[in-house]
Amino acid sequence: RGVKPLFFNNSLLARPLVSARTSRDPPTQLAARIHLSPAHCAGSKAASLHWTSERALSAVLLGLLPAAYLYPGPAMDYSLAAVLTLHGHWGLGQVLTDYIHGEASVKVAKAGLFALSSLTFAGLCYFNYHDVGICKAVAMLWSI
């Protein structure tokens, strides 16, 4: 969104369209523009930092899953609870960004997502504290 197109310049993004000729009228050119991103977001580093954070979290998650298998324990359970919740929150946030439109709808959807993510994290922490924990629960499922 905040990146200038590498292979497209303004002359390529505004292509003239030629209307169909009727009888002896000269051809008429219509201008079509493609809007890639809003101008107020063009210089922002926030989107780039968020993208980098998402990729870093995914890399941490890839390393955390085998570590959870090899070294199960409370610290690993709570780490998994935090990382899985944040990963899901960011992923569903992107779905909301793509499919929910309108100012009021976006606010309601984001509030619902925040509530869902908070309840998910609280539920996983409750499960870790009052039950066997995420690592042991997965091991129990695999032993069936």
Side-chain angles (χ1 to χ4, degrees), residues 1-21 26-144:
R1 288 186 170 170
V3 179
K4 288 182 107 180
L6 183 62
F7 297 109
F8 298 114
N9 59 20
N10 287 338
S11 65
L12 290 175
L13 294 178
R15 296 182 183 172
L17 298 174
V18 178
S19 64
R21 289 179 69 170
T28 308
Q29 289 190 353
L30 305 171
R33 288 205 169 268
I34 300 172
H35 299 283
L36 296 177
S37 65
H40 68 276
C41 294
S44 174
K45 285 191 174 187
S48 177
L49 290 175
H50 183 75
W51 185 87
T52 304
S53 300
E54 286 178 342
R55 298 311 169 266
L57 184 77
S58 295
V60 166
L61 188 57
L62 282 174
L64 201 59
L65 292 177
Y69 177 74
L70 296 172
Y71 307 107
M76 193 61 68
D77 288 335
Y78 287 103
S79 298
L80 279 172
V83 170
L84 289 172
T85 302
L86 187 58
H87 184 73
H89 178 80
W90 281 344
L92 288 174
Q94 292 302 317
V95 171
L96 293 180
T97 300
D98 289 342
Y99 293 107
I100 305 293
H101 304 290
E103 191 173 328
S105 299
V106 169
K107 286 182 180 180
V108 170
K110 290 197 178 205
L113 176 62
F114 183 74
L116 177 68
S117 297
S118 299
L119 286 173
T120 300
F121 182 66
L124 288 173
C125 288
Y126 181 85
F127 181 75
N128 287 336
Y129 188 76
H130 293 289
D131 210 336
V132 295
I134 297 172
C135 295
K136 191 160 211 158
V138 171
M140 291 168 66
L141 284 173
W142 284 348
S143 67
I144 292 179

Could you tell me whether a side-chain N or O of N128 sits under 3.5 Å from a main-chain N or O of I134, the two making a donor and an acceptor? yes
After noting the C-alpha distance and the side-chain angles of L124 and T85, does the key distance pass the side chain to side chain contact (heavy atoms under 4.5 Å, CB included) rule? CA-CA 9 Å; L124 288 173; T85 302; 3.7 Å; yes
Kindly compute the distance separating OG (S143) from NZ (K136), expressed to the nearest 0.5 Å. 10.5 Å
Of all the heavy-atom pairs spanning E54 and W90, show the shortest one and how long it is. CG-CE3, 3.5 Å
Checking side chain to side chain contact (heavy atoms under 4.5 Å, CB included) for the pair H50/K45: CA distance, chi angles, key distance, verdict? CA-CA 9 Å; H50 183 75; K45 285 191 174 187; over 6 Å; no
For H87, look at atom NE2 and say whether over 12 heavy atoms of other residues, nucleotides or ligands are found less than 6.0 Å away. no
Sub-3.5 Å donor-acceptor pair from the side chain of S105 to the main-chain atoms of G102, do we have one? no
Just so I know, are the side chains of T120 and L116 near enough to count as touching, which here means a heavy-atom distance under 4.5 Å? yes
Side-chain heavy-atom pair C125, Y129 within 4.5 angstrom cut-off: no
Could you give the distance from CE (M76) to CG (L70), rounded to the nearest 0.5 Å? 8.5 Å
Would you say that F127 contacts V132 through its side chain, given a criterion of any heavy-atom pair below 4.5 Å between the two side chains? yes
From OG (S117) to NZ (K110), nearest 0.5 Å: 12.0 Å
Side chain to side chain, L141 and I144, heavy atoms closer than 4.5 Å: yes
Measure the shortest side-chain to side-chain distance between W142 and Y69 over non-hydrogen atoms and say whether it is less than 4.5 angstrom. yes
Mind checking whether L65 and L80 have side chains closer than 4.5 Å, heavy atoms only? yes
Spacing of CG belonging to D77 relative to CG belonging to D131, to within rounding of 0.5 Å: 10.5 Å
